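We use all heavy atoms of the structure for the numbers below, so side chains are in, but hydrogens, waters and symmetry mates are not. Keep in mind that what you see is a predicted model, and the values were worked out from it rather than measured. Each residue takes its place number in the sequence, starting with 1.
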Amino acid sequence: LEHYIIPDAITLPGLALGFCMSFMPGGITPQMSFLGVAAGGGALFALGALGEFAFKKQDAMGGGDIKLMAFLGSIWGWKAALLGIAFGSILGVLASIVLIATHLLPKDRRIPFGPCLAAGVWASVLWGDQAVAAYLQCTEQLLFG
């Protein structure tokens, strides 16, 4: 947390292990694992590239965050990876608002995104289906009364 680093020594072996585990019965398939890697890592890579272009800032998204989401996507699949990014983003924004409002976050500091992403994936694994169902129900109500 202090150095804003997610070590490759954790993410890369974890990604390989997640993909290898997908060949075992009872979990996600290798295709789902591969899609999880592509969705999780690919989405953050694309967001980082877009951020660099839009804000003219180098390293808009950390490489550790990208590899973390590829790793988690290899274990949980594409749905958990994408929903985890959404949940993690919401968590990061809420944590930032609270820390800034309470003056616990100095203006020269930032919140590391990796822990928010990990918590977001965990939340999507635990409550993702219920959250998506609730979202779809609310959307249907708003659109169709």
Ring-face cation contact, Phe53 with Lys56, 6.0 Å cut, 45° max: yes
Leu104-Ile100 co-clustered via ILVMFWY side chain contacts under 4.5 Å: yes
pair Trp76-Val121: side-chain heavy atoms closer than 4.5 Å: yes
CE on Met69 to CG on Leu44, rounded to 0.5 Å: 6.0 Å
Gln58 side-chain N/O to Glu52 backbone N/O, donor-acceptor pair under 3.5 Å: no
hydrophobic_cluster_shared for Val125 and Val37, side chain cutoff 4.5 Å: yes
Heavy-atom pair of closest approach, residues Asp8 and Pro13: O-CD, 3.3 Å
From Leu15 atom CG to Cys20 atom SG, the distance as rounded to the nearest 0.5 Å: 9.5 Å
Validation row: Ser89, Ile85 side chains within 4.5 angstrom (heavy atoms): yes
Atom pair CD1 (Ile97) and OG1 (Thr102), whose distance is rounded to the nearest 0.5 Å: 11.5 Å
Leu83 with Phe34, same ILVMFWY side-chain cluster at under 4.5 Å: no
Backbone N/O of Arg110 and side chain of Tyr4: donor-acceptor pair under 3.5 Å: yes
Closest non-hydrogen atom pair, Ser74 against Gly14: OG-O, 4.0 Å
Single hit among Thr11, Leu117, Ile66 for side chain to side chain contact (heavy atoms under 4.5 Å, CB included) with Ile6: Thr11
Straight-line distance of Asp129 CG to Ser124 OG, nearest 0.5 Å: 9.5 Å
ILVMFWY network linking Ile5 to Leu12, side-chain heavy atoms under 4.5 angstrom: no
Leu82 versus Ala39, closest heavy-atom pair with distance: CD2-O, 3.7 Å
Straight-line distance of Thr139 OG1 to Phe144 CZ, nearest 0.5 Å: 10.0 Å
Reported CZ-to-CG distance for the pair Phe45 and Asp65, which is rounded to 0.5 angstrom: 13.5 Å
Ring pair (Phe, Tyr, Trp, His ring centres under 6.0 Å) contacts touching residues 84-140 (sequence neighbours left out): none
Heavy-atom pair with the smallest gap, counting every atom of Gly51 and Ala60: C-CB, 3.7 Å
Heavy-atom closest contact (Gly18 atom, Ser33 atom, distance): O-OG, 3.9 Å
Expected output: side-chain Ser96 to main-chain Gly92 donor-acceptor under 3.5 Å: yes
Connected via hydrophobic side-chain network under 4.5 Å: Ile111 and Leu91: no
Heavy atoms from other residues, nucleotides or ligands near CD of Gln130 exceed 12 (cutoff 6.0 Å): yes
